[in-house]
Amino acid sequence: MEKYDHKKIEKKWQEKWREDGIYRISDNADEKKNFYQLVEFSYPSGNLHTGHWYAFAVPDIHARFKRMNGYNVLYPMGFDAFGLPAENAAIKNGGDPAEWTERQMEAMRTQLCSMGAMFDWSREVITCNPEYYKWTQWMFNQFLKHDLVYRAITMVNWCPKDQTILANEQVVDGCCERCGTPVVQREQPQWMLRITKYADRLIDDLDTLDWPEQIKAAQRNWIGRSEGSEIEFKIDGTQEKIKVFTTRADTLFGVTYVVLAPEHELVESLKSKVESEENRKEIEAYIEQTKHKLELERQQSKEKTGVELKGIKAINPANGEAVPIWIADYVLANYGTGAVMAVPAHDERDFEFAQKYNLPIKTVVVSNYEPITRVTALLVNKDKDLILQLWNKEDGKKLIGRFGGHVEIGENIFETLKREMKEEIELDINKHSYYFADYLDTHKDEGDILFVIEGVDVSTLKQHEGHEIIELQKYLPNTEGLSENTLNAWKKYTSNLYKADVREGILVNSSRFDGLSSEEARVKITEFVGGKLVKAYRLRDWGISRQRYWGCPIPIVYDPEGTAHPVPDEHFPWLLPTDVDHTPDGTAPLARSRELFERTEKIFGKGWTPEVETMDTFVDSSWYFYRYLDNKNSEVFAATEKINAWMPVDFYIGGAEHTTMHLLYSRFWNKVLLDLGLVTQNEPYTKRINHGIILGPDGNKMSKSKGNVVDPDAIVAQLGADTVRLYLAFMGPYEGGNYPWDPNGVVGVRRFLERVWKLKEKIDPEKKVCKTDPLVHKTIKGVGEDIEQFKFNTAISKMMILLNALEKEEKIVLGSYKILLKLLAPFAPHITEELWHELSGLSTSGEQVDSIHLTSWPEYNETKIVEENINVAVQVNGRVRAEIVFSADASEDEIKSKAMEHEMVKKWTEGKVVKRVVYVKGRLVNIVAS
RNA sequence: GCCCGGGUGGCGGAAUUGGUAGACGCGCACGACUCAAAAUCGUGUCUCGCAAGGGGUGGGAGUUCGAUUCUCCCCCCGGGCACCA
């Protein structure tokens, strides 16, 4: 018999599939449901590496599976062809980026074809093609019309050595990613997209998505919404006001100074009003210093610095108190209002600053802590995690109870607690902690206000009339009988308390707000001082200007007065000029194009000039998935009926690195398209998973310098594409994990394929039934379920188990073998296709055989999965003592009594009383005896 | 510091979601074939123990007839955010 030789079959079938066009997908296949599976397209930066294989060939398994299950599956491929990698390579090799890119794409297409994936190449999308970027420009114009684009001067990352702007992700630890030079901040006009306008929707709509919590959390983090208040502080003796943003309006009574960011717009006018020339110079010097502070320094040193604006005071709207005004760079200009009210008693940073510059610290207590009298300690941290330590009052030594949990202010847990505690003086700490946690849960809605204490000086509380607070430290040295865990918890929570102790506490009785939770107090106090409730975001607007050549030209022209105008739609594509030397020198390469300037003047008139910036490539990739649907349309970016036929993307698979970039940008882009009435879906991707990366055999990230790069082309040549696909799928669950490439492991799956190949020798066309039949059906079920969940590793394992079983048989049923081939087809499309056709000779009819990939997924019969016999484990007190085989229809009573009779059971229950017999259907019997 | 994931043999990883921990593969050991090697096939492989039996899923406790799985505390690793008021 001929040996399995991948070289003979893989190319052959790839060509045949292309000729037959079996992967060409129509928009409407009769009766079939459309399924859009998307993977992130790649930069045509050069060679296809293992990462590409992992990203494209493994999801192909799922796409093929869906197709065999009756879906009309679109699994397209294209190139994110603009951008730095292509441009850099072109610069290095002295070529034209367009030509260079075209060459790379051609090479990569060949490599991509070697995967044997079901890409529909007729739908290919290339972002650097004018037919594509014409629509990017058209959308930019739409954004512009709807006030979602603006030009602003912003701070950008600037590498002084490379003379170029760097995107945030190109700044690593405050240094330029490429040359390691510390990055400086520089003011630069930029075209901005108003993504912040969509911040709320981008957060809120995450709830509707079937995405991993991890990704959602990262996006929430990135957008960074926090709800707070904007409160105005009048500046004494002027008309000016300082607006501050705070999430802790309830601490307004504790404000002891106000801080502006050095870049704050009011600083300019205020500095002329300071009391001395000397102070003014000091201020100017500080502002200057901040401006030139390297990003690196900002990150490394959190040492507080600042300068007071002497002689000017801000008025606290809550109590009319005049407090000093400072500028300090710990206040960020572009977050909130760029100004904060400082409450050192309740904010770590303000506290540090106040300590350094000797500013007063005032503690605010908004509280009603009446019930505390009989408990030795009650602490609430700022997350409202309540920790209650109950000490025996009599000798003050024994910790009799402790509990923790999230608590809402307003629970009157105390009275009942007292009652409960009376009976149990010596509670076991660990045992009872649950009891109390449960208790908290069930009494959430009852009772009066209990307390809010935060950062409170114990001695201050003591002075408060009518309440008895026993100081914790009195009992601290007495650690007898406490477990280590308790002791640690104790230390942790008391250390918070002592931190407050350090502060010079002044009790401010804001009785008006007594008895409110800090949340309620926040709202009430904001109202009281005429502030407003606002939200602040960490997310900034999206700067899309790039001073590079190889990108989509921003379709803007300037009139002779310098006013910007959009290039009208009829001039699209607004072509990227080619008469440009694109060696980077810190200026935009397009500024050197004669053709572009001439074109502009010719169309718009003398003195008009073009925008010379290009767009961030994340713009290109923000809508590419729409173009796959209708990639040749010259009238619209994609026809509505095609959009409706396919969108939203059912399944989007990609790398974790895009979590807060591409995934957020394209969601934003989609929402804008929705608002403009161009599309109908609120979210572009229904389901998303992130895959991990393939590491080198040494467990490190593959890199040329480490010499651990695995070249997929070489492995494919040696072992075949099917083996590589199978191995990548077998390494571990597809979602999330990073796996080292194990050269032995690949050989292992190759062995599996060879055994599948050899197994055909055992086929007996006459044989109709076999004892492996139940396993065959079980495997169909299991493999299908696993693929659905992207657990390819266990799917393969199940096929291996089936193969192991079939190999043990003398002869096997043809049907079983065919099923195995079908199950394996999505994983190893070539070998299965070859065997499938070879087997057609064994079938009775002589007609033409279809591709295995056009057949449907085998069906399993649930009743056939049931095995004849079951193994029941017999336990005595939870330990397995015996195993008994029963026929599958044995009754519970029968199984139980047989188990009781077993000699091992007798041995282990000797002299004991059987208290209970637990039976788990078809699995085990547990005999409880003592 | 905050927010998400994780922690199981020598390794990648399984475990029907509370029911016989370690599937499947790699590696390793032994055996068969061979003059020999490779390839292939077979057997074994968590750990202590000759065995009977005991221990064991990062550590400590708890709930349960029974815990890798649930609860609490702690430790460690990976990722995101971070002077965000």
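Computed from a prediction, not measured in an experiment: that's the story for all the values here. Chain identifiers are assigned alphabetically (A, B, ...) following the order of the sequence lines, protein sequences preceding nucleic acid strands; residue numbering begins at 1 within each chain.
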Where along [range] does a heavy atom come under 4.0 Å from RNA chain B, residue by residue in number order?
| range | result |
| --- | --- |
| residues 775-787 of chain A | none |
| residues 877-885 of chain A | Arg879(A), Val880(A), Arg881(A), Glu883(A) |
| residues 725-739 of chain A | Phe730(A), Met731(A), Pro733(A), Tyr739(A) |

(message) Under the rule for ring pair (Phe, Tyr, Trp, His ring centres under 6.0 Å), what residues qualify as partners of Phe233(A), not counting sequence neighbours?
(response)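 Partners of Phe233(A) under the ring pair (Phe, Tyr, Trp, His ring centres under 6.0 Å) test: none.
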(message) Show me the pairs that pass salt bridge (Lys or Arg N to Asp or Glu O under 4.0 Å) and involve residues 213-226 of chain A, at least two apart or across chains.
(response)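 Sorted pair list: Asp200(A)-Arg225(A), Asp204(A)-Arg225(A), Asp207(A)-Arg220(A), Glu213(A)-Arg220(A).
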(request) Mind jotting down which residue pairs meet the salt bridge (Lys or Arg N to Asp or Glu O under 4.0 Å) criterion with at least one end in residues 790-809 of chain A? Sequence neighbours excluded, please. (result)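 Qualifying pairs: Arg755(A)-Glu807(A), Lys771(A)-Glu809(A), Asp786(A)-Lys798(A).
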(request) Output all residues satisfying side-chain contact (heavy atoms from CB on, under 4.5 Å) with Glu862(A), sequence neighbours left out; order by chain, then residue number. (result)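 Testing Glu862(A) for side-chain contact (heavy atoms from CB on, under 4.5 Å), a comparison that skips the adjacent residues, returns Lys781(A), Tyr860(A), Ile865(A).
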(request) Sequence neighbours left out, what pairs pass side chain to side chain donor-acceptor pair (under 3.5 Å) with at least one residue falling in residues 722-731 of chain A? (result)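 The answer is Asp60(A)-Arg725(A), Asp722(A)-His830(A).
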(request) Mind jotting down which residue pairs meet the side chain to side chain donor-acceptor pair (under 3.5 Å) criterion with at least one end in residues 736-752 of chain A? Sequence neighbours excluded, please. (result)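 Counting only pairs at least two positions apart or across chains, the side chain to side chain donor-acceptor pair (under 3.5 Å) contacts touching residues 736-752 of chain A are His6(A)-Arg750(A), Arg750(A)-Glu754(A).
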(request) Take atom CG of Asn690(A) and atom C1' of G80(B), then tell me their distance rounded to the nearest Å. (result)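 Interatomic distance, CG of Asn690(A) to C1' of G80(B): 12 Å.
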(request) Tell me, please, which residues at least two apart from Lys356(A) pass salt bridge (charged side-chain N to carboxylate O under 4.0 Å, His left out). (result)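 If we apply the salt bridge (charged side-chain N to carboxylate O under 4.0 Å, His left out) test to Lys356(A), skipping adjacent residues, the hits are Glu303(A).
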(request) Check salt bridge (charged side-chain N to carboxylate O under 4.0 Å, His left out) between Arg688(A) and all other residues, then give those that pass, not counting sequence neighbours. (result)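 Testing Arg688(A) for salt bridge (charged side-chain N to carboxylate O under 4.0 Å, His left out), a comparison that skips the adjacent residues, returns Glu40(A).
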Using nucleotides 39-43 of chain B, report all nitrogen or oxygen pairs with the protein that are shorter than 3.5 Å.
from, atom 1, to, atom 2, distance (Å)
U40(B), OP1, Arg751(A), NH1, 3.4

